[in-house]
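Notes to accompany the following structure.
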There are 2 protein chains.
Amino acid sequence: MSAKTKGYSPDKSEKQEEKQDSATAWFRSLRDKICTEFESIEDELSAGPKADLEPGRFERKNWDRPDGGGGEMSIMHGRVFEKVGVNISTVHGTFSEEFRDKIPGANDNDGAFWASGVSLVAHMQNPLVPAVHMNTRMICTSKTWFGGGMDLTPMIEDKEDTKAFHAALEACCNRHPPHGPTPYEEAQATAQAQTHHTTQNNYVKYKEWCDRYFFLPHRNEARGVGGIFYDYLENDWDADFAFTKDVGETFLQIYPQLVRKSMHKDWSDEQREIQLVKRGRYAEFNLLYDRGTQFGLKTGGNTEAILMSLPPEAKWP
Amino acid sequence: MSAKTKGYSPDKSEKQEEKQDSATAWFRSLRDKICTEFESIEDELSAGPKADLEPGRFERKNWDRPDGGGGEMSIMHGRVFEKVGVNISTVHGTFSEEFRDKIPGANDNDGAFWASGVSLVAHMQNPLVPAVHMNTRMICTSKTWFGGGMDLTPMIEDKEDTKAFHAALEACCNRHPPHGPTPYEEAQATAQAQTHHTTQNNYVKYKEWCDRYFFLPHRNEARGVGGIFYDYLENDWDADFAFTKDVGETFLQIYPQLVRKSMHKDWSDEQREIQLVKRGRYAEFNLLYDRGTQFGLKTGGNTEAILMSLPPEAKWP
């Protein structure tokens with residue numbers, strides 16, 4: 001993170017700088033925990049087609065954003081994780097006029113923003129181990145909110161994995177009081193003159209949001225088996241931050257469990273082919289539809305960090 | 001082609017139906033000539049890492065467009081051509097209100113359109129043989145025009161190939177009188193209050209257009225070594241059609257020559273890796289920027305035909 005970011009607060013409310021520092025520190029510490037855990041998994045592999053390879057280790061690379069802030073990429077090419085990228089970034093600047101209308105609070109602040117987050121995509125060697133995506137972030141304009149989530153993309157679905165993944169996310173959501181409607185939901189409810197159910201279960205809401213988002217309309221196909229996705233969370237900063245931290249800890253609890261369950265299994269050439277085709281779909285989603293990718297590339301983000309999510313190898317037969 | 005297309009002419013001018021039929025017949029005959037030539041090349045392979053494989057043959061698949069018309073995909077997985085798709089289609093319908101402003105003549109015709117064309121992308125086994133894209137089309141709204149072009153994407157550039165490819169295209173352009181400015185160019189010239197040079201060399205103009213179009217801004221990198229790209233060509237139908245046919249014939253003359261020149265050469269694993277990474281860039285361009293892909297997927301085109309351009313295998317290491 002560049003020193004320039006320190007002390008920059010587009011939102012001038014009380015303790016804003018402290019909040020930004022806490023969130024940034026959390027994203028960094030979550031990154032560290034994940035990298036440590038994934039390297040342990042690399043060490044543990046003792047059977048299967050890739051067991052003879054050396055355990056992978058993360059490599060770090062810093063980047064600066066010319067407009068303000070920067071980030072740190074961690075990438076590992078291992079024997080369990082064929083390619084995994086874990087990025088943290090803390091950036092600030094001014095949204096172009098074009099973007100201000102699309103981003104809550106940006107118009108009231110001449111487009112000034114600050115954002116910090118962690119994002120991760122893992123593509124696995126073993127086609128029986130699902131790929132995964134996780135991202136959490138805090139964003140400030142004249143408003144301050146959290147967003148993020150995670151979703152699982154099995155190459156060959158194991159219903160037990162899907163069930164365990166969703167159960168962990170449901171338990172996480174249930175550890176927190178129901179969130180109120182987002183500004184987006186409020187606007188929709190007003191437009192449709194409906195009464196909004198503010199007591200809707202967080203898990204149900206965020207699971208649906210995830211299913212809606214990670215979908216390839218041109219294939220009429222989901223990217224994977226879903227998870228949770230939330231955004232514009234600005235009920236109560238402390239509670240929202242606690243939820244966001246819990247999402248990260250839930251990832252650390254459930255995903256390594258799924259990896260360890262199947263990483264020692266043998267696989268066939270046919271299963272590898274299925275994996276490579278499924279990864280083609282993953283690349284299609286990220287390049288055609290992903291908001292973060294489109295947004296990042298159009299606002300001069302770091303191309304290498306943004307496209308770290310692309311699969312190490314993919315096929316369109 | 002669906003029988004429904006027959007006789008459909010959004011432009012009611014004289015001989016319009018005859019023109020549409022001539023163009024459609026040409027695109028089909030060009031497709032046939034290309035497929036025959038490519039299958040001959042498959043038969044000719046006599047050395048190199050893939051010579052033991054069976055020569056490839058095209059497979060045909062028809063599709064209907066629910067709104068009107070349809071197409072025919074030809075795909076070959078061969079020993080020279082790792083994956084090559086040659087699509088023809090003849091479709092008609094009504095552009096959505098959203099699209100009408102973007103397409104010449106569509107607003108004067110309640111969005112009615114007819115379009116026919118041939119498009120081709122070849123991804124080669126041998127990293128020393130360049131990949132290629134070629135497309136020509138005739139489009140009618142209340143206006144009628146031609147568009148198309150071709151561009152070469154070497155995996156490892158051979159300057160002689162680049163030179164020969166551009167020389168063939170320059171010769172093709174020079175066989176035709178200089179084209180006047182397109183409506184787009186006229187609008188630009190008016191906006192900039194400049195006098196437009198209608199005598200600009202076709203090749204220079206279309207080569208620049210191609211370089212501008214096939215560019216990945218997020219990589220600050222060209223997709224390949226260029227070629228020609230033209231659109232909105234509506235000077236004189238007979239002359240424009242003759243040019244469009246010549247573009248197709250030029251493709252048939254030059255590309256097979258480049259393939260035969262290098263297809264017997266041996267290659268290394270390292271060269272294959274370079275090829276797979278370059279193909280990743282090709283997929284990025286097609287999914288992030290290609291107008292045809294974006295347009296096709298958003299207007300309910302045939303996904304399989306549109307995405308036939310994606311590489312059989314690609315890497316993002």
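Convention: sequence-line order gives letters A, B, ...; per-chain numbering from 1. Both backbone and side-chain heavy atoms feed into the values below; hydrogens, waters and symmetry mates do not.
Formation of a donor-acceptor pair under 3.5 Å by the A:Thr303 side chain with backbone atoms of B:Arg219 is not found in this model. The main-chain N or O of B:Pro311 is never found under 3.5 Å from a side-chain atom of A:Lys315 such that the two would form a donor-acceptor pair.
Neither the backbone nor the side chain of A:Leu276 has a heavy atom closer than 4.5 Å to any heavy atom of chain B. B:Glu304 does not touch chain A: none of its heavy atoms, backbone or side chain, sits under 4.5 Å away. Contact annotation for A:Leu307: only side-chain heavy atoms (C-beta onward) come within less than 4.5 Å of a heavy atom of chain B. Within the 4.5 angstrom heavy-atom criterion, only side-chain atoms of A:His77, from C-beta onward, approach chain B. With a 4.5 Å cut-off on non-hydrogen atoms, A:Glu82 does not touch chain B at all.
When the shell of 6.0 Å around NZ of A:Lys265 is examined, it contains more than 12 heavy atoms from other residues, nucleotides or ligands. The 12-atom threshold is exceeded at CD of B:Glu157, counting heavy atoms of other residues, nucleotides or ligands nearer than 6.0 Å. Applying the 6.0 Å contact sphere to CD of A:Glu221 captures more than 12 heavy atoms from other residues, nucleotides or ligands.
In this structure, A:Leu310 and B:Glu284 have side chains that are in contact, with non-hydrogen atoms separated by less than 4.5 Å. At least one side-chain heavy atom of B:Leu288 sits under 4.5 Å from a side-chain heavy atom of A:Gln294.
For chain B, the option among A:Val277, A:Thr293, A:Asn286, A:Leu297 with the highest count of heavy-atom pairs below 4.5 Å is A:Leu297. In terms of non-hydrogen atom pairs under 4.5 Å with chain B, the most contact-rich of A:Pro312, A:Pro317, A:Gly296 is A:Pro312.
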Can B:Trp316 and A:Met308 be said to form a side chain to side chain contact (heavy atoms under 4.5 Å, CB included), step by step?
CA-CA 8 Å; B:Trp316 285 273; A:Met308 198 179 278; over 6 Å; no
